[in-house]
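For reference, the structure discussed in these notes is given below.
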There are 2 protein chains.
Amino acid sequence: MSEKTIYNFCAGPAALPKPAIEQAQKELLSYKGIGMSVMEISHRSKWADEIIGEAEDNIRTLLNVPDNYHVLFLQGGASLQFSMIPMNFLQGTGKPADYIHTGSWANKAIAEAKKEGEVSIVWNGKDENFVRTPAQSELKLDPNAAYVHFTSNETIQGVEYFEEPETGNVPLMCDASSDFLSRPIPVEKYGLIYAGAQKNIGPAGVTAVIIRDDLLERVPEGLPSLLDYKNMADNKSLYNTPPMFAIYMVMLTTRWVRNDIGGLKAMETVNRKKADLLYEAIDNSNGFYRGHAKPECRSRMNVTWRLPSEDLEKQFIAEAEQEGFLQLKGHRSVGGLRASIYNAMPVEGCEALRGFMAEFQKKNA
Amino acid sequence: MSEKTIYNFCAGPAALPKPAIEQAQKELLSYKGIGMSVMEISHRSKWADEIIGEAEDNIRTLLNVPDNYHVLFLQGGASLQFSMIPMNFLQGTGKPADYIHTGSWANKAIAEAKKEGEVSIVWNGKDENFVRTPAQSELKLDPNAAYVHFTSNETIQGVEYFEEPETGNVPLMCDASSDFLSRPIPVEKYGLIYAGAQKNIGPAGVTAVIIRDDLLERVPEGLPSLLDYKNMADNKSLYNTPPMFAIYMVMLTTRWVRNDIGGLKAMETVNRKKADLLYEAIDNSNGFYRGHAKPECRSRMNVTWRLPSEDLEKQFIAEAEQEGFLQLKGHRSVGGLRASIYNAMPVEGCEALRGFMAEFQKKNA
């Protein structure tokens with residue numbers, strides 16, 4: 001057994017709040033003393049209602065979700081949402097869908113949408129190597145588009161949106177997988193927000209979807225039942241057996257944000273502090289560390305940076321691992337280092353990594 | 001905390017082997033002492049490889065899966081397979097697909113297939129109230145069909161197949177959700193076998209799919225990536241983040257069948273014994289208990305039966321619950337009682353229920 005403190009900087013699946021896992025461990029064999037595990041209860045039971053109900057209530061309360069929005073728990077990750085959105089809202093409309101191309105995840109959403117209908121790339125960050133999000137004035141939006149899609153945080157490039165694109169009456173769809181519940185957002189600006197759980201709100205295997213009422217009326221007939229937002233909303237996520245244990249972990253994780261952290265404003269303060277610690281270390285390194293993203297678009301969830309050489313990067317990763325700083329290797333498409341510091345990463349993790357960065361620089365600059 | 005022994009007869013999600021949950025509990029905070037939970041590790045890590053690898057190997061070994069078959073772990077339950085099969089193998093072929101209609105789950109598979117192409121119902125048990133599976137001679141199979149689909153066990157009616165339909169060169173597709181790994185089956189007779197995990201092999205949130213190599217060549221271009229069997233097979237279930245924790249529970253559950261039970265022949269012996277205990281209680285009750293299914297088609301997974309009146313059925317369920325026999329209420333479409341006795345139900349559970357049934361009859365006949 002490892003005795004030293006471990007900090008898990010994995011981009012996802014990522015660290016979960018320790019109190020959430022501890023609670024799950026305590027009652028893994030007998031949920032609330034009923035003699036059955038959460039994994040063993042019927043999804044039609046009162047216990048399942050309670051779990052799904054609290055998970056939904058936590059999300060509603062944390063984000064101040066208006067009453068005309070549904071909160072759903074689906075399967076298939078963000079990747080299935082990439083297809084569900086155009087299947088439900090693009091195909092057959094005769095309209096194009098506007099996609100903002102900010103990096104690797106936007107690219108995947110675009111590829112799936114193109115299979116279902118006409119896609120218009122209204123801004124493309126590729127020529128600049130995806131170092132920033134666009135200004136509103138740069139977006140070539142079509143007022144007749146079926147919807148506008150954007151990716152609020154690009155985990156691979158480490159680029160984050162801090163203000164929603166303005167889309168007028170065109171519904172705004174957002175892949176918020178990697179910064180969902182990391183800070184308050186104005187839900188009323190969105191038509192649909194989706195988030196694979198495995199960054200900020202739970203384990204892999206469940207996707208949170210917040211969808212505005214009126215969009216459900218646009219869902220065409222004849223979609224596969226499991227890919228039909230209206231069917232899933234009408235059945236309150238219980239059309240088929242939902243991934244109960246993953247939803248239970250979402251319940252525990254959102255309870256932690258709500259009660260232990262004190263809500264999304266407090267969560268944002270913590271997340272800002274963590275990100276600042278690392279970006280300051282980069283900025284104060286006299287060029288030894290070089291951040292990938294433009295300062296004003298720097299992600300508070302995924303800090304990406306390079307060292308003077310690939311050899312030094314390898315050495316950094318190896319030595320960091322020895323010290324308990326795990327999974328810091330950047331994605332191969334960007335290279336370098338990446339520290340993913342989602343909600344569950346404690347401030348001490350970033351302080352410790354910052355200390356390690358300073359030490360490493362001193363020895364190797 | 002409850003002190004008495006609990007027997008969970010839920011139709012699914014269902015009881016899991018206690019040693020599997022205990023192992024998960026022990027290492028929930030730190031898998032193999034690495035300082036991270038299974039829920040927190042990257043799906044690109046060696047630990048994830050190890051877990052997915054063992055889960056696959058256990059299934060391959062238990063079922064003696066030939067080398068020309070892939071074993072996949074997907075999301076969306078059997079319900080998404082209802083759509084994926086016709087999306088991959090029916091639409092665009094110009095052929096019909098043959099469906100055998102044995103009950104509620106076959107019906108759902110048929111409804112989704114009809115959205116994607118032409119469906120031919122080659123046998124329909126509805127007029128007999130779904131009390132049996134068909135004989136081979138009753139099937140009106142089309143030698144040019146895209147495939148034949150059947151449901152090996154109907155959980156709601158309690159009707160099970162014990163011999164596969166013969167389909168010649170037409171690929172045989174099977175929803176084996178509720179009797180998967182409950183006994184040996186000749187995999188080489190199948191084109192595709194799928195099973196939502198939450199009955200016999202794990203928690204809700206993962207679906208095992210066994211698919212023959214040559215079928216992958218039939219997958220059309222342009223399907224949503226997550227619904228494309230070829231894409232999922234080419235990426236060995238790692239196209240996107242898989243539901244790691246659910247797969248880990250499949251690993252532990254199949255390890256239990258393999259090592260603790262001793263394989264599928266031994267599992268079948270246990271399952272037969274359990275079912276016999278309950279069916280004998282029904283048959284020896286002088287008509288107080290009446291089984292739903294025809295004796296030769298009685299499911300070994302879901303025992304369904306009626307009492308002389310609905311009032312007595314309610315009373316039975318209430319008194320049984322007091323004694324720790326949980327979730328015995330039959331599905332509303334069939335009524336009466338249902339005891340789901342999947343792999344993880346111990347023989348003692350069925351012995352105890354049989355005892356309760358005898359007592360109840362003595363008091364109320």
Side-chain angles (χ1 to χ4, degrees), chain A residues 1-2 4-6 8 10-16 18 21-22 24-25 28-30 33-37 39-43 45 75-80 82-83 87 111-112 115-116 196 198 202-206 222-227 239-246 249 324 326-327, chain B residues 1-2 4-6 8 10-16 18 21-22 24-25 28-30 33-37 39-43 45 75-80 82-83 87 111-112 115-116 196 198 202-206 222-227 239-246 249 324 326-327:
Chain A
M1 296 289 286
S2 173
K4 71 167 167 261
T5 305
I6 293 291
N8 175 10
C10 187
L16 291 169
K18 209 170 172 189
I21 311 182
E22 281 170 344
Q25 182 178 44
L28 198 67
L29 281 151
S30 179
I34 62 175
M36 296 184 281
S37 173
M39 294 184 274
E40 300 177 302
I41 56 174
S42 167
H43 55 299
S45 66
Q75 293 188 57
S79 295
L80 193 54
F82 296 162
S83 295
M87 288 172 86
E112 297 302 326
K115 295 176 181 174
E116 311 300 335
Q198 66 268 18
V206 63
L223 287 179
S225 297
L226 223 70
L227 307 182
Y239 170 74
N240 69 333
T241 314
M244 278 310 305
F245 187 76
M249 289 306 304
L326 303 186
Q327 316 212 55
Chain B
M1 296 289 285
S2 173
K4 70 167 168 260
T5 305
I6 294 291
N8 176 9
C10 186
L16 291 170
K18 208 168 173 191
I21 311 183
E22 282 169 345
Q25 182 178 46
L28 198 66
L29 281 151
S30 179
I34 62 175
M36 296 183 281
S37 173
M39 295 185 273
E40 301 177 301
I41 56 174
S42 167
H43 54 299
S45 66
Q75 294 188 58
S79 295
L80 193 54
F82 295 162
S83 295
M87 287 172 86
E112 296 302 325
K115 295 177 182 174
E116 311 299 334
Q198 66 269 19
V206 61
L223 288 179
S225 296
L226 223 70
L227 307 182
Y239 170 74
N240 69 334
T241 314
M244 278 310 304
F245 187 76
M249 289 307 304
L326 303 185
Q327 316 211 53

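Naming convention: chains lettered A, B, ... in sequence-line order (proteins, then strands); numbering from 1 in each chain. Just so you know, these numbers use all the heavy atoms, side chains as well, and skip hydrogens, waters and symmetry mates.
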| said: Would you compute the distance between atom CG of A:Leu28 and atom CD of B:Glu22 and round it to the nearest 0.5 angstrom? | reply: 10.0 Å
| Counting only N and O atoms by type, is there a donor-acceptor contact under 3.5 Å from the side chain of A:Ser37 to the main-chain atoms of A:Leu29? | no
| query | Which one, A:Ser42, A:Gly202, A:Gly77, leads in non-hydrogen pairs under 4.5 Å with chain B? | reply | A:Ser42
| note | Interatomic distance, CZ@A:Phe245 vs CE@B:Met39, rounded to 0.5 Å, equals 4.5 Å
| request: Among the options B:Ser79, B:Cys10, B:Gly76, pick out the one with the most heavy-atom pairs lying under 4.5 Å from chain A. | output: B:Gly76
| field | Toward chain B, the part of A:Gln25 with a non-hydrogen atom under 4.5 Å | value | both
| field | Heavy-atom pairs under 4.5 Å with chain A, option from B:Ala78, B:Gly222, B:Gly324 with the top count | value | B:Gly222
| said: Please classify the contact between A:Ala246 and chain B as side chain, backbone, both or neither, with a heavy-atom cut-off of under 4.5 Å. | reply: neither
| Check: A:Leu16 main-chain N/O paired with B:Glu40 side-chain donor or acceptor under 3.5 Å | yes
| query | Non-hydrogen atoms of chain B under 4.5 Å away: do they reach the side chain of A:Ala24, the backbone, both or neither? | reply | both
| note | Cut-off 4.5 Å, heavy atoms of chain B, and the answer for A:Leu226 is side chain
| Is any side-chain heavy atom of B:Leu227 closer than 4.5 Å to a side-chain heavy atom of B:Leu80? | yes
| message | Is A:Leu326 in contact with chain B via its backbone, its side chain, both, or neither, using a 4.5 Å heavy-atom distance? | response | side chain
| field | Largest heavy-atom contact set with chain B, pairs under 4.5 Å, which of A:His43, A:Met244, A:Lys18 | value | A:His43
| remark: Of the listed A:Ala204, A:Pro13, A:Gly196, the one with the largest count of heavy-atom pairs under 4.5 Å with chain B is A:Pro13
| message | For the interface with chain B, which of A:Ser45, A:Pro242, A:Gly205 has the highest count of heavy-atom pairs at distances below 4.5 Å? | response | A:Gly205
| request: Please check if the side chain of B:Glu112 supplies one atom and the backbone of A:Ser225 the other of a donor-acceptor pair under 3.5 Å. | output: yes
| note | Checked B:Pro243, B:Pro203, B:Ser83, B:Pro224 vs chain A; the most non-hydrogen pairs under 4.5 Å come from B:Pro224
